[in-house]
Amino acid sequence: VFSRSVDLLYIGSALSYLYVDVSGSDTNPGTKASPFRTITRALAEAAIIKGNAAIFIGPGTYVTGETFPIRLQSNTALVCLGDNYTTVIDNSAGNATTILGASGAVVNGCRINSEQTVGATTTISDNATAMTIINSYIFGNIVNPGQSPSVCVAVSSDTRVAKSTITGCSFNNSGIGINISAGNPTIEFNTITGNVGTGVSVSGGIPVIQGNDIQTNTTGISITNATPATVVTGNNIHGNTTGMSVSGSAASPSINGNRI
C-alpha cells in the first residue's frame, strides 16, 4: 500500500526495485520479502547496479546505521511509503548535510528531519545536479533556531521542488527554506513556512517560482541579481514580516499574479 504522500509518477526511471524496512537487515538481499535495514545499504546496492532503481522505504525512523550525508545515485528514487510522512529520515543528532543529490534522482514522500547542533548545514542539497523533490516534508527546528540547519533545500541546477512542505530552517535567525544560487529550477506548489529568515532566496540562476503558499517567514521571497527570465507568479505570500524583497540588479524579474 502506497502512502498518500507518494506520487507514483515520480519513482525515477526504475529498472529495478529495492526495499528498506525498520524490521529488515543489511545482510538481506533487499527484496520486498527480505528488505534491507538502512537506506545507506540500499543506495550502495543501487550503485552496484548503476542506478535506475526505485528504493521503497517502509514506515519508521531511519537513523541507526545510516551514514550521513545520504548520497543519492543517478536516476534512483527514494520512495517513502509511510502514510502522512511517517517514513522519517532523521539526522537530528548529526552535523552533516542530510541528503546529497544526484542527476535524475528523486526524493518522494519522505519526512526529513535535520535538527542540528551547528548551523552551517543543509538538509537537502541537489549537489549541482538536476533532481526532483516531491511530496516531502523537510523540517528544521522551529522551537529552537539554534539547533536548526542554515538551509532546508539548496538548489544550484535544474531541480524541481514541488508539493512539499519546507519549514523550520532558522539558524541564527537567518535561515533559508529554499536557497537558489544557479540553474533553472522550478519551485512550485509548496508550503514554505516558519523559516526564521527567508522562505525562498534567489541569488543566481533563472528560477520559476509558482503556485506556492509562502507564509510566516521573516521574508517570504528575497531576490538579488535577477534576470528578466526569472518568474515569480501565482504565489500566495502572506503573514511574513516582509513579503518580497528585490534588490541588487538593474534587471527586473517577471513578477505577476501573486497575492501579497
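Considering CD1 of Ile255 and OG1 of Thr233, their distance stands at 10.0 Å, rounded to 0.5 Å. To the nearest 0.5 Å, atoms CD1 (Ile55) and CG (Asn108) are separated by 12.5 Å. Atom OG1 of Thr40 sits about 12.0 Å away from atom OH of Tyr62, to the nearest 0.5 Å. Rounding to the nearest 0.5 Å gives a distance of 9.5 Å between CG of Asp90 and OG1 of Thr64. Between the OG1 atom in Thr198 and the CD1 atom in Ile178 there is a gap of 12.0 Å [rounded to 0.5 Å]. For the atom pair CD1 (Ile99) and CZ (Phe68), the distance works out to 8.0 Å, reported to the nearest 0.5 Å.
Contacts of Glu66 classified as salt bridge (charged side-chain N to carboxylate O under 4.0 Å, His left out), with partners at least two apart in sequence or in another chain: none.
Taking all atoms of both residues into account, the shortest heavy-atom contact from Ala53 to Leu18 is CB-CD1, 4.5 Å. The two residues Ile89 and Thr98 have their closest heavy-atom pair at CG2-CG2, 4.2 Å. Between Ile237 and Met244 the shortest heavy-atom distance is CD1-CE, 3.6 Å. Heavy atoms only, all atoms of each residue included: Val200 and Ile192 are closest at CG2-CD1, 3.5 Å. Smallest separation of non-hydrogen atoms from Lys163 and Tyr85: O-OH, 4.4 Å. Contact between Val202 and Pro207 at its shortest, heavy atoms only, is CG1-CG, 3.9 Å.
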CA sep, side-chain torsions, deciding dist, call: Asn91, Thr121, side-chain contact (heavy atoms from CB on, under 4.5 Å): CA-CA 11 Å; Asn91 188 27; Thr121 56; over 6 Å; no
Residues Met131, Val107; criterion side-chain contact (heavy atoms from CB on, under 4.5 Å); working and verdict: CA-CA 8 Å; Met131 62 175 291; Val107 175; 3.9 Å; yes
Intermediate values then yes/no, side-chain contact (heavy atoms from CB on, under 4.5 Å), Leu78 and Leu43: CA-CA 9 Å; Leu78 299 186; Leu43 284 164; 4.3 Å; yes
Verdict with reasoning, Val161 to Ile166, per side-chain contact (heavy atoms from CB on, under 4.5 Å): CA-CA 10 Å; Val161 183; Ile166 296 99; 4.2 Å; yes
From CA spacing to verdict: side-chain hydrogen bond (donor to acceptor under 3.5 Å, both in side chains), Ser164, Ser136: CA-CA 5 Å; Ser164 296; Ser136 291; 4.7 Å; no
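In this structure a side-chain-to-backbone donor-acceptor pair under 3.5 Å is missing from Thr122 to Thr97. Counting only distance, with no hydrogens or angles, the side chain of Ser170 and the backbone of Val196 share a donor-acceptor pair below 3.5 Å. Between the side chain of Asn127 and the main chain of Ala102, no donor-acceptor pair closer than 3.5 Å is present. For Thr87 (side chain) and Gly58 (main-chain N/O), a donor-acceptor pair under 3.5 Å exists by modelled atom type.
The aromatic rings of Phe56 and Tyr17 sit parallel to each other, their planes meeting at less than 30°, with 60° as the upper class boundary.
Using a 4.5 Å heavy-atom threshold, the side chains of Phe139 and Thr165 count as separate. Within the 4.5 Å cutoff, side-chain heavy atoms of Glu188 are placed close to those of Arg160. Counting heavy atoms from C-beta on, the side chains of Val232 and Val246 never come closer than 4.5 Å. Contact of the Thr61 side chain with the Val22 side chain is not registered, since no non-hydrogen atoms from C-beta on lie closer than 4.5 Å. Residues Val151 and Cys169 have side chains not in contact (no heavy-atom distance under 4.5 Å, counting atoms from C-beta outward).
Counted by atom type alone, Ser23 and Asp21 present one or more donor-acceptor pairs between their side chains at under 3.5 Å. Remark: the Ser156 side chain and the Asp126 side chain contain an N/O donor-acceptor pair separated by less than 3.5 Å. Counted by atom type alone, Asn179 and Ser181 present zero donor-acceptor pairs between their side chains at under 3.5 Å. Looking at Ser25 and Thr27, their side chains do bring a donor and an acceptor atom within 3.5 Å of each other. For the residue pair Thr219/Ser245, the side-chain donor-acceptor check at 3.5 Å is not satisfied.
The hydrophobic cluster containing Ile260 also contains Ile187, counting ILVMFWY residues as joined when their side-chain heavy atoms lie under 4.5 angstrom apart, directly or transitively.
When each of Asn235, Asn236, Asn258 is paired with Asn212, the side-chain hydrogen bond (donor to acceptor under 3.5 Å, both in side chains) condition holds for Asn235 and for no other.
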